[in-house]
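To start, the structure under review is shown below, and the notes come after it.
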Amino acid sequence: MKSTPIEVNHTTKQGQAALWSKIVNKYVLEIILLVIILSMTFASPGFLTTDNLLNILRNMALQGCIAFGMTMVIIAGEIDLSIGSTVALTGVIVGLVSGWLSESGWMGIDQAALVGIVVAFFAAGLLGLFNGWILTKYKLPSFIITLAMLNVIYGLAAVVSKGFPVTTLPSWYSVIGSGKIWSIPIPAIILLLVFAVVFVIMNHTKFGREVYAVGGNPESARLSGIHVTRVKIICMVAVQLCAALSGILVSSQVMSGSFNFGKGWEMLVIAAVIIGGTSLMGGIGKVWGTFIGLIFLGVLINAMVLLNINEYVQYIVRGLLILIAVLITAIQFQKKRAR
């Protein structure tokens, strides 16, 4: 009779330990992020200031808009490595169209830039449509297709711009990437809007459920009546449109379009998505996780800059983060399958 309380107490402790272990496993990224924020608050007085936090959010917007589109693509079981080149091509298209239309006398430069933005989005949509068509028509790996397109689009941007920055843009264009509304940078507002739209699509629409189904098991999804080809093409178009939006933001900030913009961005974008818990194997991931992954990378990069850590060391840290995130995701996936 006397041993019963001890057994109950022992069982209670085991239950609490299991609960804490579950919480840590589920929120490991948030815990690490909190530790970094607390550490930087003491290490650098300028870290936890309104200006610095808004600066982090503004810088996150450039790759962040693409990351949400990439989340859809990776959950669908595919990947797009060409988004960095699309960022460059977008800025070049806006500048060239703006210059051609205004210099030919067809319209003023203000209206010409608006047309340039529309053309840039249209071109990005066509690129996504082409990637999706090749992917679904010939059953080629999206990795290979988009790796090839990365070079094609990059070369196209360099050829049409003749290797020089395109600067024929109206003064109002800078507001998109550098303006503020109530002291909040416009890129940060755009980032939050893109997050909200993709979050609703993936969590509260039929299409979002179809994306998860296609990424989890394409054949089962097809047998369930889901149009797998359509879902994958839409996802490939979506990420390209997000890349176009990011290209407009970055070209607006520097008031020029260049074929060099967006180089290497695909790694940062994919890193944010993977760190956020999305599986490269498809079918698993959350838009909210990508948002946390973006904040994590944004805070980490900002912290390394404030601490004057060598730029090359920063590359090592980012690479290790991607590797660790992939390993954690793979381990969690194996545990779920074992159950």
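This one's a predicted model, so the numbers in the text were calculated from it and none came from an experiment.
- The OG1 atom of Thr41 sits 11.5 Å away from atom CD1 of Ile36, with the distance rounded to the nearest 0.5 Å.
- Within the structure, ring-ring contact (aromatic ring centres under 6.0 Å, His included) contacts touching residues 53-72 (residues at least two apart or in different chains) are Phe68-Phe195.
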List the atom pairs, with distances to 0.1 Å, where a side-chain N or O of residues 199-209 and a protein N or O form a donor-acceptor pair under 3.5 Å, not counting sequence neighbours.
from	atom 1	to	atom 2	distance (Å)
Asn203	ND2	Phe199	O	2.8
Thr205	OG1	Ile201	O	2.3
Thr205	OG1	Gly208	N	3.1

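- Annotation: side chain to side chain donor-acceptor pair (under 3.5 Å) contacts of Thr49 (sequence neighbours excluded): none.
- Residues Ile284 and Tyr212 form no side-chain contact, since every pair of their non-hydrogen atoms from C-beta on lies 4.5 Å or further apart.
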Donor-acceptor contacts under 3.5 Å from residues 228-241 side chains, at least two apart:
from	atom 1	to	atom 2	distance (Å)
Arg230	NH2	Glu210	OE1	3.4
Lys232	NZ	Glu78	OE2	2.6
Gln240	OE1	Thr86	OG1	2.6
Gln240	NE2	Asp80	OD2	2.9
Gln240	NE2	Ser82	OG	3.0

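- Among residue pairs with one or both ends in residues 217-254, none qualify as ring-ring contact (aromatic ring centres under 6.0 Å, His included); sequence neighbours excluded.
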Distance-only check: which donor-acceptor pairs under 3.5 Å involve side-chain atoms of residues 294-310, not counting sequence neighbours?
from	atom 1	to	atom 2	distance (Å)
Asn302	OD1	Asn52	ND2	3.0
Asn302	ND2	Asn52	OD1	3.1
Asn310	OD1	Tyr312	N	2.7

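- Here ring-ring contact (aromatic ring centres under 6.0 Å, His included) pairs that include residues 101-128, with residues two or more places apart or in two chains, number zero.
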Derivation of the side chain to side chain contact (heavy atoms under 4.5 Å, CB included) call for Leu169 and Ile109: CA-CA 7 Å; Leu169 295 165; Ile109 192 169; 5.8 Å; no
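- Here Phe259 pairs with Tyr154 under the ring-ring contact (aromatic ring centres under 6.0 Å, His included) rule; sequence neighbours left out.
- Considering only residues two or more places apart in sequence or on other chains, Trp172 meets the ring-ring contact (aromatic ring centres under 6.0 Å, His included) condition with none of them.
- Qualifying ring-ring contact (aromatic ring centres under 6.0 Å, His included) partners for Phe42, counting only residues two or more places apart in sequence or in other chains: none.
- The hydrophobic cluster containing Leu38 also includes Leu34, under a criterion of side-chain heavy atoms closer than 4.5 Å among ILVMFWY residues, counted directly or through chains of members.
- Under the ring-ring contact (aromatic ring centres under 6.0 Å, His included) criterion, Trp100 pairs with no residue at all, not counting sequence neighbours.
- Residues Val115 and Val119 form a side-chain contact, since some pair of their non-hydrogen atoms from C-beta on lies under 4.5 Å apart.
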